[in-house]
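Notes follow once the structure below has been shown.
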Amino acid sequence: QLQLVESGGGLVQPGGSLRLSCAASGFTLDYYDIGWFRQAPGKEREGVSCIGAFGGSTKYGDSVKGRFTISRDNARNTVYLEMNSLKPEDTAVYFCAAPKYGRSYLSLHSVYYQYWGQGTQVTVSS
């Protein structure tokens, strides 16, 4: 059974950093585009970043460009989201997701992703 598990969230001060991990089981991550999304209370789910299968291409939402970096370690079957210069508006539950047939065409729209992790909370506050 295909599963995604996020970890690495927590409480951090503004300007701080966190690294989120998305570990996959039940499938080989190499063949899948993977996306990171976030959802803050009362707001719609927002696409943060995505990375192509085999790590060739990446895409970022405008609100995180230059601050967040997505990467993957296929040997560990894991995708990472390095978050720097965090702001209070980055506070949200962060989810990783995979498309059913492997390809999301590097979209940041959640409709292209069918497998979702349970999420990890990131809180940016002083």
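A search for side-chain contact (heavy atoms from CB on, under 4.5 Å) contacts involving Val93 returns Phe95, Gln121, not counting sequence neighbours. Among residues two or more places apart in sequence or in another chain, the side-chain contact (heavy atoms from CB on, under 4.5 Å) test is passed with Ser7 by Ser21.
To the nearest 0.5 Å, atoms CZ (Arg67) and OG (Ser49) are separated by 12.0 Å. Distance check: Thr58 OG1 to Asp33 CG gives 11.5 Å after rounding to the nearest 0.5 Å. Here His109 contributes atom NE2 and Arg45 contributes atom CZ; the two are 14.5 Å apart, rounded to the nearest 0.5 Å.
What you find for Gln118 and Leu4 is that their closest heavy atoms are OE1-O, 3.8 Å. Nearest heavy-atom pair across Cys50 and Ser107 is SG-O, 3.9 Å. Residue Val79 comes nearest to Ile70 through the heavy atom pair CG1-CG1, 3.9 Å, listed as atom of the first residue, atom of the second, then distance. Here the shortest heavy-atom pairing between Leu18 and Val12 reads CD1-CG1, 4.1 Å. Of all the heavy atoms in Ala53 and Asp30, the pair that sits closest is CB-O, 3.3 Å. Considering every non-hydrogen atom in both Ser125 and Pro14, the closest pair reads C-CD, 3.6 Å.
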*Tell me, with the steps shown, if Ile34 and Leu29 meet side-chain contact (heavy atoms from CB on, under 4.5 Å).*
CA-CA 8 Å; Ile34 297 294; Leu29 204 61; 3.6 Å; yes
*List the steps, then state whether side-chain contact (heavy atoms from CB on, under 4.5 Å) holds for Glu6 with Leu20.*
CA-CA 7 Å; Glu6 303 93 338; Leu20 305 184; over 6 Å; no
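Side-chain contact of Asn84 with Ser17: a donor-acceptor pair under 3.5 Å is present, judged by distance alone.
Linking ILVMFWY residues whenever their side-chain heavy atoms come closer than 4.5 Å, directly or via other members, leaves Val122 and Trp116 in distinct clusters. In the hydrophobic clustering of ILVMFWY residues, with side-chain heavy atoms under 4.5 Å counting as a link, Tyr31 and Leu2 come out together. With hydrophobic clusters built from ILVMFWY side chains whose heavy atoms lie under 4.5 angstrom apart, Val111 does not share a cluster with Leu108.
With respect to Asp90 and Arg38, a salt bridge is recorded, a charged nitrogen being found less than 4.0 Å from a carboxylate O.
Stacking of Arg19 on the aromatic ring of Tyr80 is recorded, both the 6.0 Å distance cut-off and the 45° axial limit being met.
Within the 4.5 Å cutoff, no side-chain heavy atoms of Ser71 are placed close to those of Glu82. In this structure, the side chains of Tyr94 and Met83 come closer than 4.5 Å at one or more pairs of heavy atoms. Looking at heavy atoms from C-beta onward, Ser63 lies in side-chain contact with Glu46 at the 4.5 angstrom threshold. Residues Val48 and Leu81 have side chains in contact (heavy-atom distance under 4.5 Å, counting atoms from C-beta outward).
Aromatic ring pairs are classed by plane angle as parallel below 30°, tilted from 30° to 60° and perpendicular above 60°; the pair Tyr105 and Tyr112 is perpendicular. Using bins of under 30°, 30° to 60° and over 60° for the plane-to-plane angle, the ring pair Tyr32/Phe27 lands in the perpendicular bin.
Ring to ring, Phe68 and Trp36 are not that close: their centroids are 6.0 angstrom or more apart.
Without hydrogens or angle criteria, Asn77 side chain to Ala24 main chain gives a donor-acceptor distance under 3.5 Å. The backbone N or O of Gly52 lies less than 3.5 Å from a partner atom in the side chain of Arg72, making a donor-acceptor pair.
Heavy-atom contacts from other residues, nucleotides or ligands closer than 6.0 Å to CZ of Arg76 number 12 or fewer. A 6.0 Å sphere centred on CD of Glu44 holds no more than 12 heavy atoms belonging to other residues, nucleotides or ligands.
The stretch residues 59-113 participates, sequence neighbours left out, in these disulfide bond (SG atoms under 2.5 Å apart) pairs: Cys22-Cys96.
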